[in-house]
There are 2 protein chains.
Amino acid sequence: MTRYARLISELINRSDGHMTAEQIFLELKNTEPKVVQATVYNNLNALCRDGLIRRLSVEGSPDRYDKIQKHDHLVCKKCGSLSDISLNDLTDDLERQLGGGIISYDLKVFYLCPKCRDSQ
Amino acid sequence: MTRYARLISELINRSDGHMTAEQIFLELKNTEPKVVQATVYNNLNALCRDGLIRRLSVEGSPDRYDKIQKHDHLVCKKCGSLSDISLNDLTDDLERQLGGGIISYDLKVFYLCPKCRDSQ
DNA sequence: CTTCTATTTTAGAATTATTCTAATTATAAT
DNA sequence: ATTATAATTAGAATAATTCTAAAATAGAAG
């Protein structure tokens, strides 16, 4: 594990998650002024590949990177804002329905966040 | 509903889904040679906004567009290939856990497709 | 059926996110 | 120290999508 990989992984796991590559790059640059975007992308890809972080594809926004620890997401249908939730684990249920072979799953629940609900 | 909006919506609902904007554009061009990419993007955005199709964000691939009719997705962790599955509906369960306010949800189940499983 | 207005479409430039390439630097192994 | 391997850099390149302004079209009102 290289210096930058470690720093990026720590940053993502320490943060409240959901950071874009750009945000990670800017944050990292505060302490590591020489770092460059390609390095951030390289490391994010490697960390995802190795299962140390997870990538979150979000409509209308660049990919986000999140801690690996299992949790689900609540996504505002209107503004796209994200928050973490912990729902009952579905793995066993999915295994039963699909007959095994499941690696993981990604569950996004859409709703209207308080701000968007109020303003409409 | 304009001419192109209708054609695009029909195309997506007729297809087996999971088409990218590019694929839709090329397909549409067969019968409508004057159509242009921006029109396809404009209409896809409008159709998503109005709930007539749904957008599917997939890692490592441009957004895909799918029929609205409820179903879940099986995604190969390795090659990213997509297939439709019909799992038990979670809405009631989610409503119960979250206390209401749910609009919809998106469930992707990751596995290794037969091709990728065999080749590794 | 004309005129007016609003919306859609077009063409192509612009922007954004991400990857690629080749050179350089750092790390680890002998 | 020397070599081999992998990581990082800089910046160009690519891919996906959006924007802009002009032109075309459709629908409403007379």
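The chains referred to below are lettered A, B, ... by the order of the sequence lines, with proteins before strands, and numbering in each begins at 1.
Contact check, B:Y41 against C:dT9: no side-chain N or O comes under 4.0 Å of OP1 or OP2.
A side-chain donor-acceptor contact under 3.5 Å links B:D89 to the backbone of B:T91.
Among the protein residues, B:Q37 comes within range of the nucleic acid bases, having at least one heavy atom under 4.0 Å from a base atom. Base contact: A:T39 has a heavy atom under 4.0 Å from a base atom.
In this entry the distance linking NZ of B:K29 with C1' of C:dT9 reads 15 Å, nearest Å. A straight line from CZ of A:R3 to C1' of C:dT25 spans 14 Å, rounded to a whole angstrom. The distance from atom CD of A:E22 to atom P of C:dT16 is 10 Å, rounded to the nearest whole Å. A:N42 has its CG atom 15 Å from the C1' atom of C:dA23, to the nearest Å.
Just one of A:R49, A:R54, A:R55 meets the salt bridge (Lys or Arg N to Asp or Glu O under 4.0 Å) condition when paired with B:E59; it is A:R55.
In this structure, CG in B:D72 is found 7.0 Å from CG in B:L90, a value given to the nearest 0.5 Å.
At most 12 non-hydrogen atoms from other residues, nucleotides or ligands lie less than 6.0 angstrom from CD of B:Q69. No more than 12 heavy atoms of other residues, nucleotides or ligands lie within 6.0 Å of NZ in B:K29, so this atom counts as exposed by the packing criterion.
Taking the six-membered ring where tryptophan is involved, the planes of B:H73 and B:H18 are perpendicular, since the angle between them exceeds 60° and thus also 30°.
If you walk DNA chain D from 5' to 3' and mark each nucleotide with an atom closer than 4.0 Å to a heavy atom of chain B, the marks span D:dA16 to D:dC19.
Taken residue by residue, residues 43-58 of chain A places heavy atoms nearer than 4.0 Å to DNA chain C at A:N45.
For the residue pair B:Q37 and B:F25, the shortest heavy atom distance occurs at N-CE1, 3.5 Å. A:C76 approaches A:C79 most closely through the heavy-atom pair SG-N, 3.4 Å. Heavy-atom minimum distance, A:S83 versus A:Y111: OG-OH, 4.0 Å.
With DNA chain D read from its 5' end, the first of the two nearest nucleotides for B:K34 and B:A38 is the one closest to B:A38.
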